[in-house]
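Since the structure comes first, as C-alpha coordinates, the remarks are kept for the end.
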Amino acid sequence: MTKKDIAKILKEIADFLTILGENEFKIRAYTFAVRSIEQAENIEEIINGKTKGIGKSISKIVKEIYETGTCKYYEELKSKIPEGVLELLNLKGLGAKRIKILYENLGIKSIGELEYACKENRLLILKGFGKKIQENILKAIKNYRKNLNYFTVLEAEEIVNEIRKKFKVIAFTGDYRRKMEVYDKIEAVIYEEENNKIKEIEKEFSRKIIFHCAKNRNDFIKKLFETTGSINFVKKFNIPENPKNEIEIFNKNNSEFIIPEQREDIANFEKNYIRYCDIKGIFHIHSTYSDGTLSLEEIVKFLISKGYEYAGISDHSKSAYYANGLTEDRIKAQIEEIDRLNEKYAPFKIFKGIESDILKDGSLDYKDNILEKFDFVIASIHSSFNLSKKDMTERIIRAIENPYTTILGHPTGRLLTVREGYEIDIEKVLEALYENNKFVEINAQPFRLDLDWKTCIKAKSLGIKFFISPDAHNIEDFDYVKYGINVARKAGLKKEHIVNTYSSKEVEKILSK
Ligand SMILES: [Zn+2]
Ligand SMILES: [Zn+2]
(Lines give C-alpha, C1' and ligand atoms only; values in the text may rest on other atoms or scores of the structure.)
(Ligands and ions follow the chains in the order given, each with its own letter.)
Protein backbone atom coordinates (compact mmCIF):
# COMPACT_ATOMS: atom_id res chain seq x y z
CA MET A 1 0.00 0.00 0.00
CA THR A 2 1.55 3.24 -1.11
CA LYS A 3 0.58 6.72 -0.03
CA LYS A 4 -1.24 7.06 -3.30
CA ASP A 5 -3.32 3.91 -2.78
CA ILE A 6 -4.39 5.02 0.66
CA ALA A 7 -5.25 8.52 -0.51
CA LYS A 8 -7.36 7.00 -3.25
CA ILE A 9 -9.47 5.00 -0.82
CA LEU A 10 -9.93 8.01 1.46
CA LYS A 11 -10.95 10.09 -1.52
CA GLU A 12 -13.53 7.47 -2.38
CA ILE A 13 -14.82 7.50 1.18
CA ALA A 14 -15.31 11.26 0.85
CA ASP A 15 -17.15 10.69 -2.45
CA PHE A 16 -19.38 8.00 -0.96
CA LEU A 17 -20.22 10.25 1.98
CA THR A 18 -21.11 13.05 -0.43
CA ILE A 19 -23.37 10.82 -2.50
CA LEU A 20 -25.02 9.49 0.65
CA GLY A 21 -25.61 13.04 1.84
CA GLU A 22 -23.57 12.76 5.05
CA ASN A 23 -22.56 15.71 7.11
CA GLU A 24 -20.19 18.24 5.56
CA PHE A 25 -17.66 18.29 8.39
CA LYS A 26 -17.11 14.60 8.12
CA ILE A 27 -16.61 14.87 4.37
CA ARG A 28 -14.21 17.76 4.83
CA ALA A 29 -12.18 15.75 7.35
CA TYR A 30 -11.63 13.07 4.72
CA THR A 31 -10.77 15.49 1.93
CA PHE A 32 -8.31 17.15 4.27
CA ALA A 33 -6.80 13.75 5.14
CA VAL A 34 -6.34 12.99 1.44
CA ARG A 35 -4.30 16.14 1.01
CA SER A 36 -2.25 15.51 4.13
CA ILE A 37 -1.39 12.01 3.02
CA GLU A 38 -0.35 13.18 -0.39
CA GLN A 39 1.99 15.65 1.26
CA ALA A 40 3.19 13.43 4.11
CA GLU A 41 6.84 12.35 4.27
CA ASN A 42 5.89 8.81 5.18
CA ILE A 43 2.84 6.81 6.14
CA GLU A 44 4.00 5.94 9.65
CA GLU A 45 3.67 9.60 10.52
CA ILE A 46 -0.05 9.44 9.79
CA ILE A 47 -0.72 6.05 11.32
CA ASN A 48 0.89 7.22 14.55
CA GLY A 49 -1.54 10.13 14.66
CA LYS A 50 1.21 12.70 14.38
CA THR A 51 -0.16 14.54 11.40
CA LYS A 52 -1.82 17.79 12.16
CA GLY A 53 -5.53 17.86 11.42
CA ILE A 54 -6.03 14.12 11.11
CA GLY A 55 -8.15 12.85 13.95
CA LYS A 56 -8.01 9.53 15.74
CA SER A 57 -10.76 7.83 13.77
CA ILE A 58 -9.24 8.61 10.40
CA SER A 59 -5.77 7.60 11.65
CA LYS A 60 -7.26 4.25 12.60
CA ILE A 61 -8.81 3.88 9.17
CA VAL A 62 -5.51 4.73 7.50
CA LYS A 63 -3.83 2.07 9.62
CA GLU A 64 -6.44 -0.51 8.65
CA ILE A 65 -6.04 0.29 4.96
CA TYR A 66 -2.26 0.20 5.27
CA GLU A 67 -2.36 -3.24 6.84
CA THR A 68 -5.22 -4.92 4.96
CA GLY A 69 -5.56 -3.04 1.70
CA THR A 70 -9.09 -1.92 2.51
CA CYS A 71 -11.28 -1.08 5.49
CA LYS A 72 -14.67 -2.08 6.85
CA TYR A 73 -16.04 1.43 6.83
CA TYR A 74 -15.15 1.86 3.16
CA GLU A 75 -16.81 -1.43 2.18
CA GLU A 76 -19.87 -0.62 4.26
CA LEU A 77 -20.40 2.75 2.56
CA LYS A 78 -19.77 1.26 -0.84
CA SER A 79 -22.45 -1.39 -0.36
CA LYS A 80 -25.04 1.33 0.25
CA ILE A 81 -24.63 2.86 -3.23
CA PRO A 82 -25.98 1.26 -6.42
CA GLU A 83 -23.22 -0.17 -8.59
CA GLY A 84 -24.05 1.99 -11.58
CA VAL A 85 -23.79 5.12 -9.46
CA LEU A 86 -20.33 4.03 -8.33
CA GLU A 87 -19.39 3.66 -11.98
CA LEU A 88 -20.29 7.31 -12.53
CA LEU A 89 -17.35 8.23 -10.32
CA ASN A 90 -15.08 7.05 -13.15
CA LEU A 91 -16.24 9.89 -15.37
CA LYS A 92 -13.66 12.59 -15.45
CA GLY A 93 -14.81 15.95 -14.21
CA LEU A 94 -18.22 14.88 -12.94
CA GLY A 95 -17.61 14.54 -9.21
CA ALA A 96 -19.61 13.20 -6.30
CA LYS A 97 -21.62 16.37 -5.69
CA ARG A 98 -23.06 16.38 -9.17
CA ILE A 99 -23.63 12.63 -9.10
CA LYS A 100 -25.75 13.10 -5.99
CA ILE A 101 -27.84 15.75 -7.75
CA LEU A 102 -28.28 13.56 -10.82
CA TYR A 103 -29.22 10.56 -8.71
CA GLU A 104 -31.68 12.45 -6.57
CA ASN A 105 -33.34 14.60 -9.21
CA LEU A 106 -33.28 12.46 -12.30
CA GLY A 107 -32.90 9.01 -10.76
CA ILE A 108 -29.72 8.42 -12.76
CA LYS A 109 -28.13 5.19 -11.66
CA SER A 110 -25.81 4.32 -14.54
CA ILE A 111 -23.60 5.76 -17.23
CA GLY A 112 -26.10 4.75 -19.90
CA GLU A 113 -28.91 6.56 -18.17
CA LEU A 114 -26.72 9.61 -17.77
CA GLU A 115 -25.87 9.54 -21.45
CA TYR A 116 -29.54 9.43 -22.30
CA ALA A 117 -30.36 12.23 -19.95
CA CYS A 118 -27.67 14.36 -21.63
CA LYS A 119 -28.95 13.55 -25.09
CA GLU A 120 -32.47 14.47 -24.02
CA ASN A 121 -31.18 17.71 -22.48
CA ARG A 122 -32.47 16.77 -19.05
CA LEU A 123 -29.47 18.20 -17.24
CA LEU A 124 -30.29 21.70 -18.37
CA ILE A 125 -33.14 22.00 -15.89
CA LEU A 126 -30.88 21.21 -12.93
CA LYS A 127 -29.32 23.93 -10.86
CA GLY A 128 -25.60 24.21 -11.45
CA PHE A 129 -25.68 22.33 -14.74
CA GLY A 130 -25.58 24.01 -18.12
CA LYS A 131 -25.07 23.20 -21.75
CA LYS A 132 -21.30 23.25 -21.40
CA ILE A 133 -21.30 20.79 -18.51
CA GLN A 134 -23.70 18.55 -20.36
CA GLU A 135 -21.36 18.53 -23.35
CA ASN A 136 -18.35 17.80 -21.17
CA ILE A 137 -20.14 14.90 -19.53
CA LEU A 138 -20.91 13.44 -22.95
CA LYS A 139 -17.24 13.76 -23.84
CA ALA A 140 -16.19 12.08 -20.60
CA ILE A 141 -18.61 9.23 -21.29
CA LYS A 142 -17.19 8.81 -24.75
CA ASN A 143 -13.66 8.59 -23.37
CA TYR A 144 -14.74 6.18 -20.69
CA ARG A 145 -16.43 3.94 -23.23
CA LYS A 146 -13.20 3.58 -25.18
CA ASN A 147 -12.13 1.19 -22.45
CA LEU A 148 -15.22 -0.95 -22.63
CA ASN A 149 -15.49 -4.01 -24.83
CA TYR A 150 -18.60 -3.14 -26.79
CA PHE A 151 -19.53 -0.05 -28.73
CA THR A 152 -22.47 1.13 -30.77
CA VAL A 153 -22.77 2.04 -34.42
CA LEU A 154 -22.01 5.72 -33.77
CA GLU A 155 -18.51 4.97 -32.56
CA ALA A 156 -18.07 2.27 -35.19
CA GLU A 157 -18.88 4.78 -37.93
CA GLU A 158 -16.47 7.29 -36.54
CA ILE A 159 -13.63 4.73 -36.58
CA VAL A 160 -14.58 3.51 -40.04
CA ASN A 161 -14.53 7.04 -41.45
CA GLU A 162 -11.09 7.67 -40.01
CA ILE A 163 -9.60 4.42 -41.29
CA ARG A 164 -11.18 4.78 -44.73
CA LYS A 165 -9.13 7.91 -45.38
CA LYS A 166 -5.88 6.04 -44.95
CA PHE A 167 -6.33 3.46 -47.73
CA LYS A 168 -6.63 3.64 -51.49
CA VAL A 169 -8.93 0.62 -51.49
CA ILE A 170 -10.74 -0.71 -48.45
CA ALA A 171 -14.01 -2.51 -47.80
CA PHE A 172 -15.42 -2.82 -44.32
CA THR A 173 -16.75 -6.22 -43.55
CA GLY A 174 -17.98 -8.47 -40.73
CA ASP A 175 -20.56 -7.19 -38.27
CA TYR A 176 -20.16 -3.64 -39.53
CA ARG A 177 -21.12 -4.62 -43.05
CA ARG A 178 -24.06 -6.65 -41.76
CA LYS A 179 -25.13 -3.52 -39.83
CA MET A 180 -25.31 -5.14 -36.43
CA GLU A 181 -26.33 -3.05 -33.42
CA VAL A 182 -23.20 -3.42 -31.27
CA TYR A 183 -19.59 -4.19 -32.06
CA ASP A 184 -16.53 -5.56 -30.32
CA LYS A 185 -14.28 -5.04 -33.32
CA ILE A 186 -14.09 -3.47 -36.77
CA GLU A 187 -13.02 -5.63 -39.73
CA ALA A 188 -11.86 -4.59 -43.17
CA VAL A 189 -10.46 -6.11 -46.35
CA ILE A 190 -7.48 -4.37 -47.95
CA TYR A 191 -4.87 -5.18 -50.57
CA GLU A 192 -1.53 -6.63 -49.50
CA GLU A 193 0.36 -3.63 -50.92
CA GLU A 194 -1.09 -1.46 -48.19
CA ASN A 195 -0.49 -3.78 -45.25
CA ASN A 196 2.45 -1.67 -44.05
CA LYS A 197 -0.13 0.74 -42.61
CA ILE A 198 -1.76 -1.80 -40.32
CA LYS A 199 0.59 -1.58 -37.33
CA GLU A 200 0.30 2.16 -37.04
CA ILE A 201 -3.50 2.06 -37.26
CA GLU A 202 -3.75 -0.63 -34.62
CA LYS A 203 -1.80 1.65 -32.34
CA GLU A 204 -3.88 4.71 -33.13
CA PHE A 205 -7.29 3.28 -32.23
CA SER A 206 -8.11 1.89 -28.85
CA ARG A 207 -10.51 -0.57 -30.48
CA LYS A 208 -9.81 -3.96 -31.92
CA ILE A 209 -9.37 -3.63 -35.68
CA ILE A 210 -8.80 -6.63 -37.89
CA PHE A 211 -7.47 -6.38 -41.45
CA HIS A 212 -7.84 -9.15 -44.00
CA CYS A 213 -5.24 -8.82 -46.76
CA ALA A 214 -6.12 -9.80 -50.32
CA LYS A 215 -3.61 -10.77 -53.02
CA ASN A 216 -5.66 -9.60 -55.98
CA ARG A 217 -9.12 -8.46 -57.03
CA ASN A 218 -10.67 -11.98 -57.06
CA ASP A 219 -9.18 -12.73 -53.70
CA PHE A 220 -10.58 -9.42 -52.41
CA ILE A 221 -14.12 -10.42 -53.40
CA LYS A 222 -13.70 -13.87 -51.92
CA LYS A 223 -12.38 -12.52 -48.63
CA LEU A 224 -15.09 -9.89 -48.48
CA PHE A 225 -17.81 -12.49 -48.92
CA GLU A 226 -16.29 -14.87 -46.38
CA THR A 227 -15.63 -12.30 -43.69
CA THR A 228 -18.98 -10.54 -44.06
CA GLY A 229 -20.57 -13.64 -42.59
CA SER A 230 -22.53 -14.62 -40.74
CA ILE A 231 -20.52 -17.82 -40.34
CA ASN A 232 -23.57 -20.05 -40.76
CA PHE A 233 -24.72 -18.07 -43.76
CA VAL A 234 -21.37 -18.36 -45.54
CA LYS A 235 -21.24 -22.10 -44.86
CA LYS A 236 -24.20 -22.63 -47.17
CA PHE A 237 -22.26 -21.33 -50.18
CA ASN A 238 -19.58 -22.82 -52.40
CA ILE A 239 -17.27 -20.00 -53.34
CA PRO A 240 -16.08 -20.22 -56.97
CA GLU A 241 -12.34 -20.13 -57.69
CA ASN A 242 -12.00 -16.56 -58.97
CA PRO A 243 -15.21 -14.62 -58.37
CA LYS A 244 -15.50 -11.36 -60.28
CA ASN A 245 -18.00 -9.98 -57.80
CA GLU A 246 -20.39 -11.11 -55.08
CA ILE A 247 -23.30 -11.46 -57.51
CA GLU A 248 -21.37 -14.20 -59.23
CA ILE A 249 -20.96 -16.07 -55.95
CA PHE A 250 -24.70 -15.94 -55.36
CA ASN A 251 -25.55 -16.87 -58.94
CA LYS A 252 -23.22 -19.86 -58.99
CA ASN A 253 -25.08 -21.06 -55.91
CA ASN A 254 -28.48 -20.59 -57.57
CA SER A 255 -29.31 -17.72 -55.27
CA GLU A 256 -30.28 -14.13 -55.79
CA PHE A 257 -27.97 -11.46 -54.43
CA ILE A 258 -28.63 -10.99 -50.71
CA ILE A 259 -27.75 -7.67 -49.12
CA PRO A 260 -25.17 -7.98 -46.32
CA GLU A 261 -27.60 -6.98 -43.59
CA GLN A 262 -29.74 -10.02 -44.38
CA ARG A 263 -26.92 -12.54 -44.31
CA GLU A 264 -27.91 -13.97 -40.98
CA ASP A 265 -28.68 -17.39 -39.56
CA ILE A 266 -32.38 -16.66 -39.37
CA ALA A 267 -34.47 -16.66 -42.51
CA ASN A 268 -34.95 -12.95 -43.08
CA PHE A 269 -34.44 -12.76 -46.81
CA GLU A 270 -36.70 -10.28 -48.52
CA LYS A 271 -36.08 -9.04 -52.01
CA ASN A 272 -38.13 -5.85 -51.85
CA TYR A 273 -36.66 -4.54 -48.62
CA ILE A 274 -37.21 -0.94 -47.62
CA ARG A 275 -34.81 1.66 -49.05
CA TYR A 276 -33.46 4.73 -47.32
CA CYS A 277 -35.34 7.03 -49.68
CA ASP A 278 -38.72 5.45 -48.88
CA ILE A 279 -39.27 7.43 -45.69
CA LYS A 280 -41.73 10.26 -46.31
CA GLY A 281 -42.19 11.72 -42.86
CA ILE A 282 -40.81 11.62 -39.35
CA PHE A 283 -42.67 10.78 -36.15
CA HIS A 284 -41.55 10.92 -32.52
CA ILE A 285 -40.02 14.38 -32.35
CA HIS A 286 -39.48 16.40 -29.19
CA SER A 287 -39.59 20.18 -29.42
CA THR A 288 -38.70 22.99 -27.05
CA TYR A 289 -42.14 22.46 -25.49
CA SER A 290 -40.54 19.56 -23.57
CA ASP A 291 -36.87 18.56 -23.75
CA GLY A 292 -36.01 19.11 -27.42
CA THR A 293 -33.71 21.87 -28.60
CA LEU A 294 -35.64 22.90 -31.72
CA SER A 295 -38.80 24.97 -31.87
CA LEU A 296 -41.77 23.63 -33.81
CA GLU A 297 -41.10 26.00 -36.67
CA GLU A 298 -37.41 25.05 -36.82
CA ILE A 299 -38.40 21.39 -37.02
CA VAL A 300 -40.85 22.04 -39.84
CA LYS A 301 -38.36 24.12 -41.83
CA PHE A 302 -35.64 21.52 -41.39
CA LEU A 303 -37.83 18.61 -42.45
CA ILE A 304 -39.11 20.51 -45.48
CA SER A 305 -35.52 21.25 -46.49
CA LYS A 306 -34.82 17.51 -46.32
CA GLY A 307 -37.76 16.73 -48.58
CA TYR A 308 -40.08 15.21 -46.00
CA GLU A 309 -43.86 15.61 -46.28
CA TYR A 310 -44.96 15.46 -42.67
CA ALA A 311 -43.92 15.40 -39.02
CA GLY A 312 -45.39 13.83 -35.91
CA ILE A 313 -44.63 15.96 -32.88
CA SER A 314 -44.69 14.06 -29.60
CA ASP A 315 -43.35 15.90 -26.60
CA HIS A 316 -43.18 14.30 -23.18
CA SER A 317 -46.26 14.03 -21.02
CA LYS A 318 -46.69 15.62 -17.62
CA SER A 319 -45.34 12.73 -15.50
CA ALA A 320 -41.98 13.25 -17.15
CA TYR A 321 -41.39 16.34 -15.00
CA TYR A 322 -37.63 15.87 -15.45
CA ALA A 323 -38.18 16.37 -19.19
CA ASN A 324 -40.43 19.36 -18.82
CA GLY A 325 -43.47 17.25 -19.73
CA LEU A 326 -46.55 19.09 -20.97
CA THR A 327 -49.29 20.24 -18.65
CA GLU A 328 -52.81 20.51 -20.04
CA ASP A 329 -52.41 24.27 -20.60
CA ARG A 330 -49.26 23.89 -22.61
CA ILE A 331 -50.83 21.17 -24.73
CA LYS A 332 -53.49 23.69 -25.67
CA ALA A 333 -50.83 26.25 -26.62
CA GLN A 334 -48.91 23.71 -28.67
CA ILE A 335 -52.00 22.58 -30.54
CA GLU A 336 -52.77 26.19 -31.44
CA GLU A 337 -49.26 26.75 -32.68
CA ILE A 338 -49.40 23.57 -34.77
CA ASP A 339 -52.65 24.73 -36.35
CA ARG A 340 -50.97 28.02 -37.32
CA LEU A 341 -47.91 26.27 -38.73
CA ASN A 342 -50.03 23.80 -40.67
CA GLU A 343 -51.66 26.71 -42.41
CA LYS A 344 -48.40 28.54 -43.03
CA TYR A 345 -46.44 25.56 -44.37
CA ALA A 346 -49.16 23.58 -46.20
CA PRO A 347 -49.03 21.07 -47.84
CA PHE A 348 -46.45 20.04 -45.22
CA LYS A 349 -48.47 18.45 -42.45
CA ILE A 350 -47.77 18.34 -38.72
CA PHE A 351 -49.55 15.62 -36.81
CA LYS A 352 -50.31 16.46 -33.21
CA GLY A 353 -49.11 13.85 -30.78
CA ILE A 354 -47.73 13.18 -27.36
CA GLU A 355 -45.28 10.67 -25.93
CA SER A 356 -47.36 9.64 -22.97
CA ASP A 357 -45.72 7.90 -20.05
CA ILE A 358 -47.17 4.51 -19.31
CA LEU A 359 -47.77 4.82 -15.59
CA LYS A 360 -47.01 1.98 -13.22
CA ASP A 361 -50.51 0.56 -13.50
CA GLY A 362 -50.54 0.75 -17.29
CA SER A 363 -52.74 3.82 -17.56
CA LEU A 364 -51.75 6.79 -19.70
CA ASP A 365 -50.82 10.17 -18.37
CA TYR A 366 -53.92 12.25 -19.22
CA LYS A 367 -57.67 11.98 -19.02
CA ASP A 368 -59.57 11.00 -22.16
CA ASN A 369 -60.73 14.57 -22.84
CA ILE A 370 -57.06 15.53 -23.32
CA LEU A 371 -55.96 12.39 -25.15
CA GLU A 372 -58.72 12.80 -27.71
CA LYS A 373 -57.18 16.09 -28.89
CA PHE A 374 -54.19 14.30 -30.42
CA ASP A 375 -53.82 12.74 -33.85
CA PHE A 376 -51.63 10.04 -32.32
CA VAL A 377 -50.30 8.91 -28.95
CA ILE A 378 -46.97 7.17 -28.44
CA ALA A 379 -47.13 5.19 -25.20
CA SER A 380 -43.72 4.66 -23.61
CA ILE A 381 -42.24 3.54 -20.32
CA HIS A 382 -39.82 5.98 -18.68
CA SER A 383 -39.98 4.90 -15.04
CA SER A 384 -40.57 1.91 -12.73
CA PHE A 385 -38.41 -0.42 -14.79
CA ASN A 386 -38.11 -3.08 -12.14
CA LEU A 387 -41.52 -4.74 -12.18
CA SER A 388 -41.80 -8.52 -12.46
CA LYS A 389 -42.14 -9.95 -15.93
CA LYS A 390 -45.83 -10.62 -15.38
CA ASP A 391 -46.59 -7.14 -14.04
CA MET A 392 -44.55 -5.41 -16.73
CA THR A 393 -46.25 -7.38 -19.50
CA GLU A 394 -49.69 -6.61 -18.08
CA ARG A 395 -48.77 -2.95 -17.67
CA ILE A 396 -47.75 -2.62 -21.31
CA ILE A 397 -50.73 -4.59 -22.58
CA ARG A 398 -53.05 -2.33 -20.63
CA ALA A 399 -51.47 0.66 -22.32
CA ILE A 400 -51.82 -0.99 -25.73
CA GLU A 401 -55.50 -1.65 -25.01
CA ASN A 402 -56.11 2.00 -24.24
CA PRO A 403 -58.17 3.21 -27.22
CA TYR A 404 -56.07 6.38 -27.48
CA THR A 405 -52.73 4.60 -27.84
CA THR A 406 -51.42 4.55 -31.40
CA ILE A 407 -47.79 3.44 -31.17
CA LEU A 408 -45.85 1.53 -28.54
CA GLY A 409 -42.59 3.52 -28.09
CA HIS A 410 -39.17 1.88 -27.50
CA PRO A 411 -40.97 -1.35 -26.56
CA THR A 412 -38.31 -3.16 -24.52
CA GLY A 413 -36.48 -0.19 -23.00
CA ARG A 414 -33.05 -1.60 -23.74
CA LEU A 415 -30.02 0.69 -23.82
CA LEU A 416 -27.36 -0.99 -25.91
CA THR A 417 -24.10 -1.87 -24.13
CA VAL A 418 -25.63 -0.51 -20.93
CA ARG A 419 -28.95 -1.94 -19.89
CA GLU A 420 -30.97 -4.97 -20.93
CA GLY A 421 -34.59 -4.32 -21.75
CA TYR A 422 -37.11 -4.74 -18.98
CA GLU A 423 -38.52 -8.17 -18.33
CA ILE A 424 -41.47 -8.65 -20.65
CA ASP A 425 -43.22 -11.43 -22.46
CA ILE A 426 -42.64 -9.96 -25.89
CA GLU A 427 -44.82 -12.55 -27.65
CA LYS A 428 -47.81 -11.50 -25.56
CA VAL A 429 -47.07 -7.82 -26.17
CA LEU A 430 -46.90 -8.42 -29.92
CA GLU A 431 -50.18 -10.33 -29.85
CA ALA A 432 -51.84 -7.47 -27.98
CA LEU A 433 -50.50 -5.01 -30.57
CA TYR A 434 -51.92 -7.09 -33.36
CA GLU A 435 -55.28 -7.69 -31.73
CA ASN A 436 -55.74 -4.02 -30.90
CA ASN A 437 -54.58 -2.89 -34.31
CA LYS A 438 -51.73 -0.81 -32.86
CA PHE A 439 -48.33 0.05 -34.26
CA VAL A 440 -44.89 -0.63 -32.89
CA GLU A 441 -41.93 1.70 -33.03
CA ILE A 442 -38.46 0.93 -34.27
CA ASN A 443 -36.75 3.55 -32.15
CA ALA A 444 -33.76 4.55 -34.25
CA GLN A 445 -31.63 6.09 -31.49
CA PRO A 446 -28.36 4.19 -31.96
CA PHE A 447 -28.32 3.31 -28.27
CA ARG A 448 -31.80 1.86 -28.43
CA LEU A 449 -32.58 0.27 -31.80
CA ASP A 450 -35.68 -0.98 -30.09
CA LEU A 451 -37.55 -3.10 -31.39
CA ASP A 452 -34.55 -5.21 -32.41
CA TRP A 453 -34.46 -6.83 -35.84
CA LYS A 454 -35.11 -10.36 -34.64
CA THR A 455 -38.31 -9.35 -32.86
CA CYS A 456 -39.28 -7.27 -35.90
CA ILE A 457 -39.34 -10.51 -37.89
CA LYS A 458 -41.85 -11.93 -35.39
CA ALA A 459 -43.93 -8.76 -35.44
CA LYS A 460 -43.97 -8.75 -39.22
CA SER A 461 -45.17 -12.36 -39.37
CA LEU A 462 -48.10 -11.40 -37.13
CA GLY A 463 -49.02 -8.57 -39.50
CA ILE A 464 -48.04 -5.68 -37.23
CA LYS A 465 -46.97 -2.42 -38.85
CA PHE A 466 -44.12 -0.17 -37.76
CA PHE A 467 -43.02 3.42 -37.44
CA ILE A 468 -39.28 4.07 -37.83
CA SER A 469 -38.65 7.02 -35.54
CA PRO A 470 -35.53 8.92 -34.49
CA ASP A 471 -36.93 10.02 -31.11
CA ALA A 472 -35.37 13.33 -32.09
CA HIS A 473 -34.35 15.86 -29.46
CA ASN A 474 -31.66 17.64 -31.50
CA ILE A 475 -31.10 18.40 -35.15
CA GLU A 476 -28.48 15.65 -35.56
CA ASP A 477 -30.95 13.03 -34.38
CA PHE A 478 -33.00 13.12 -37.58
CA ASP A 479 -30.11 11.40 -39.25
CA TYR A 480 -30.60 8.43 -36.92
CA VAL A 481 -33.54 7.30 -39.01
CA LYS A 482 -31.01 5.44 -41.17
CA TYR A 483 -30.11 3.18 -38.24
CA GLY A 484 -33.77 2.34 -37.82
CA ILE A 485 -33.94 1.53 -41.53
CA ASN A 486 -30.96 -0.79 -41.06
CA VAL A 487 -32.95 -2.68 -38.43
CA ALA A 488 -35.92 -2.89 -40.81
CA ARG A 489 -33.71 -4.10 -43.67
CA LYS A 490 -32.16 -6.75 -41.45
CA ALA A 491 -35.64 -7.94 -40.55
CA GLY A 492 -36.61 -8.00 -44.22
CA LEU A 493 -39.31 -5.38 -43.78
CA LYS A 494 -40.78 -3.85 -46.90
CA LYS A 495 -41.95 -0.34 -47.53
CA GLU A 496 -45.56 -1.26 -46.90
CA HIS A 497 -44.71 -2.51 -43.39
CA ILE A 498 -43.53 0.96 -42.38
CA VAL A 499 -46.26 3.54 -41.88
CA ASN A 500 -43.99 6.56 -42.32
CA THR A 501 -43.27 5.55 -45.91
CA TYR A 502 -46.89 6.36 -46.75
CA SER A 503 -48.08 9.67 -48.12
CA SER A 504 -49.34 12.30 -45.74
CA LYS A 505 -52.95 11.68 -46.83
CA GLU A 506 -52.63 7.96 -46.25
CA VAL A 507 -51.13 8.50 -42.81
CA GLU A 508 -53.97 10.85 -41.98
CA LYS A 509 -56.45 8.17 -42.94
CA ILE A 510 -54.68 5.49 -40.91
CA LEU A 511 -54.48 7.69 -37.80
CA SER A 512 -58.10 8.75 -37.96
CA LYS A 513 -59.23 5.14 -37.52
ZN1 LIG B 1 -39.27 7.90 -24.71
ZN1 LIG C 1 -39.08 10.30 -26.92
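Sequential numbering from 1 along the given sequence is applied to the chain's residues. In listed order, ligands and their atoms are each counted from 1.
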Interatomic distance, Thr293 atom OG1 to His286 atom NE2 [nearest 0.5 angstrom]: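 Separation between the atoms: 11.5 Å.
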Heteroatom N/O/S of His284 within less than 2.8 Å of the Zn ion (ligand 1):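 For His284, the answer is no, given that no N, O or S atom comes within less than 2.8 Å of the Zn ion (ligand 1).
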Using 2.8 Å as a strict upper limit, say whether an N, O or S atom of His316 approaches the Zn ion (ligand 1) that closely.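 So His316 does not count as coordinating the Zn ion (ligand 1).
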With carbon and hydrogen excluded and only N/O/S kept, which atom of Glu355 is nearest the Zn ion (ligand 1)?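 Going through the N, O and S atoms of Glu355 one by one, OE2 ends up nearest to the Zn ion (ligand 1).
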Pair Glu355, His410: side-chain N/O donor-acceptor within cut-off below 3.5 Å: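 Yes, a side-chain donor-acceptor pair sits under 3.5 Å.
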So is Arg177 actually on top of Tyr183's ring, under 6.0 Å and inside 45° of the axis?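 No - Arg177 does not lie over the ring of Tyr183 by the 6.0 Å and 45° rule.
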Using a 6.0 Å distance limit plus a 45 degree cone around the ring axis, check whether Lys271 lies over the aromatic ring of Phe269.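 Because its charged atom misses either the 6.0 Å distance or the 45° angle limit, Lys271 does not stack over Phe269.
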Worked verdict on Ile186 versus Phe151 for side-chain contact (heavy atoms from CB on, under 4.5 Å): CA-CA 10 Å; Ile186 297 286; Phe151 47 103; 4.0 Å; yes
For the Zn ion (ligand 2), which N, O or S atom of Asp471 is at the shortest distance?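 It is OD1 of Asp471.
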Measuring to the Zn ion (ligand 2), does His286 have an N/O/S atom at a distance below 2.8 Å?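 Of the N, O and S atoms in His286, at least one lies under 2.8 Å from the Zn ion (ligand 2), which means yes.
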